[in-house]
Amino acid sequence: KRIENQTNRQVTYSKRRNGLFKKAHELTVLCGAKVSIIMISSTQKIHEYISPTTTTKHLFDQYQKAVGVDLWISNYEKMQDHLRKLKDINKNLRMEIRQRMGESLNDLNYDQIVNLVEDVDDSLRKIREKKYKVISNQIETSKKKLRNVEEIHRKILVEFDARQEDPHYGLVDNEGDYNSVLGFPNGGPRIIALRMPSNHHPNLHSGGGS
């Protein structure tokens, strides 16, 4: 009877399968027989032995000739039936595509036309939703970039204001005496560095500088 323990069942299958294949090989070598064995385990694994002097297809062909049956006719009929169904599906899909493009509408009745209009409206709605989603993602990405640019601009303004508040910013002391003059052209303050002779100290007026 069937071995209930799965491990023991698998071990027994492996051992007896190898023994069967060994006997088949002996029949091939000792007797010149053509032997083909196909086995499918409980785990759906296929194991096969075929005599080196033949092929599985050749043995099947010999079997059909000896017994007088066609093993492939039923399978061929099933394939033909499946092919016909696929052709019908393809034909219907092509017709539906033409109808969605406004063609081949003469054979449709009122209910079919209403269904077609509803299908087209539903398709357009889905297309718009996908398009709006893409546009929304692009807008969100642009907003993030804008916020980053604004943050960089804000930092630059803060740094610029800090430099404006420092009265000694930009003055250079390099092998000479420099005096700063405040000028007010164009309505805004500006610090100007002047190199003056060491023995000359002019009296500058607050009205401007050069």
Side-chain angles (χ1 to χ4, degrees), residues 1-14 17 20-21 36-50 54-161:
K1 63 180 182 179
R2 184 175 187 270
I3 300 174
E4 297 299 333
N5 184 276
Q6 182 178 359
T7 302
N8 294 339
R9 184 169 64 246
Q10 196 65 28
V11 171
T12 301
Y13 171 80
S14 179
R17 179 197 67 215
L20 180 59
F21 285 176
S36 175
I37 301 176
I38 299 176
M39 303 177 64
I40 302 177
S41 68
S42 58
T43 57
Q44 303 304 313
K45 291 183 178 180
I46 296 179
H47 302 90
E48 181 180 10
Y49 173 84
I50 183 70
T54 187
T55 63
T56 302
K57 183 181 182 303
H58 182 64
L59 277 181
F60 280 136
D61 292 340
Q62 284 188 307
Y63 174 81
Q64 292 182 107
K65 185 177 180 180
V67 180
V69 297
D70 189 345
L71 298 176
W72 316 113
I73 186 64
S74 59
N75 187 51
Y76 177 78
E77 292 176 351
K78 290 180 181 178
M79 292 177 61
Q80 289 295 319
D81 184 61
H82 183 62
L83 179 61
R84 285 192 294 270
K85 291 180 180 179
L86 291 178
K87 287 183 177 180
D88 290 339
I89 293 174
N90 183 58
K91 180 180 178 181
N92 293 332
L93 289 175
R94 289 180 177 274
M95 177 64 71
E96 183 177 349
I97 292 174
R98 289 195 299 269
Q99 291 173 352
R100 286 175 177 266
M101 297 179 65
E103 303 174 1
S104 304
L105 301 178
N106 294 332
D107 296 333
L108 297 180
N109 57 35
Y110 175 79
D111 293 335
Q112 290 174 331
I113 292 178
V114 171
N115 292 334
L116 178 61
V117 172
E118 292 178 353
D119 290 340
V120 172
D121 291 340
D122 185 62
S123 299
L124 289 175
R125 179 183 58 80
K126 292 180 180 179
I127 293 173
R128 290 192 185 98
E129 289 177 355
K130 291 183 179 180
K131 186 64 177 178
Y132 290 157
K133 185 176 181 180
V134 172
I135 295 175
S136 299
N137 292 336
Q138 293 176 348
I139 292 175
E140 187 63 27
T141 301
S142 300
K143 287 182 178 180
K144 290 181 180 180
K145 292 181 180 180
L146 178 61
R147 287 194 294 268
N148 292 336
V149 173
E150 289 176 344
E151 179 64 20
I152 294 174
H153 180 67
R154 186 188 64 80
K155 291 181 180 180
I156 292 175
L157 289 178
V158 171
E159 182 179 355
F160 179 77
D161 292 340

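Hydrogens, waters and symmetry mates play no part in the numbers below; they use all other heavy atoms, side chains included.
Atoms CD1 and OG1, from Ile38 and Thr56 in turn, are 5.5 Å apart once rounded to the nearest 0.5 Å. For the atom pair CD1 of Ile127 and OG of Ser123, the computed distance is 6.0 Å after rounding to the nearest 0.5 Å. The line from NZ of Lys143 to CD of Glu150 is 11.5 Å long, rounded to the nearest 0.5 Å. From Ile40, atom CD1 reaches atom CD of Glu48 across 10.5 Å, with rounding to the nearest 0.5 Å.
Residues passing the side-chain contact (heavy atoms from CB on, under 4.5 Å) test with Glu159, sequence neighbours excluded: Arg163. Considering only residues two or more places apart in sequence or on other chains, Val69 meets the side-chain contact (heavy atoms from CB on, under 4.5 Å) condition with Tyr63, Val67, Leu71. Listed by chain and number, the residues in a ring pair (Phe, Tyr, Trp, His ring centres under 6.0 Å) with Tyr13 are His47 (sequence neighbours excluded).
Of all heavy-atom pairs spanning Thr54 and His58, the tightest one is OG1-CD2, 3.3 Å.
Side-chain atoms of Arg9 come within 3.5 Å of backbone N or O of Ile3 as a donor-acceptor pair. Counting only distance, with no hydrogens or angles, the side chain of Asn8 and the backbone of Glu4 share no donor-acceptor pair below 3.5 Å.
Atom CD of Glu140 sits in a crowded spot, with more than 12 heavy atoms from other residues, nucleotides or ligands closer than 6.0 Å.
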Below 3.5 Å, can you tabulate the donor-acceptor pairs from side chains in residues 128-138 to any protein atom, sequence neighbours excluded?
from   : atom 1 : to     : atom 2 : distance (Å)
Glu129 : OE2    : Arg125 : NH1    : 2.9
Ser136 : OG     : Tyr132 : O      : 2.8
Asn137 : ND2    : Lys133 : O      : 3.2

Donor-acceptor contacts under 3.5 Å from residues 77-95 side chains, at least two apart:
from  : atom 1 : to    : atom 2 : distance (Å)
Gln80 : NE2    : Tyr76 : OH     : 3.3
Asn92 : ND2    : Asp88 : O      : 3.2

Only distances under 3.5 Å count here; give the side-chain donor-acceptor pairs of residues 111-119 to other protein atoms, sequence neighbours excluded, each with its distance to 0.1 Å.
from   : atom 1 : to     : atom 2 : distance (Å)
Gln112 : OE1    : Asn109 : N      : 3.1
Asn115 : ND2    : Asp111 : O      : 3.2

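Between Asp61 and Lys65, none of the side-chain N atoms (NZ, or NE/NH1/NH2) sits under 4.0 Å from a carboxylate O, so this pair counts as no salt bridge.
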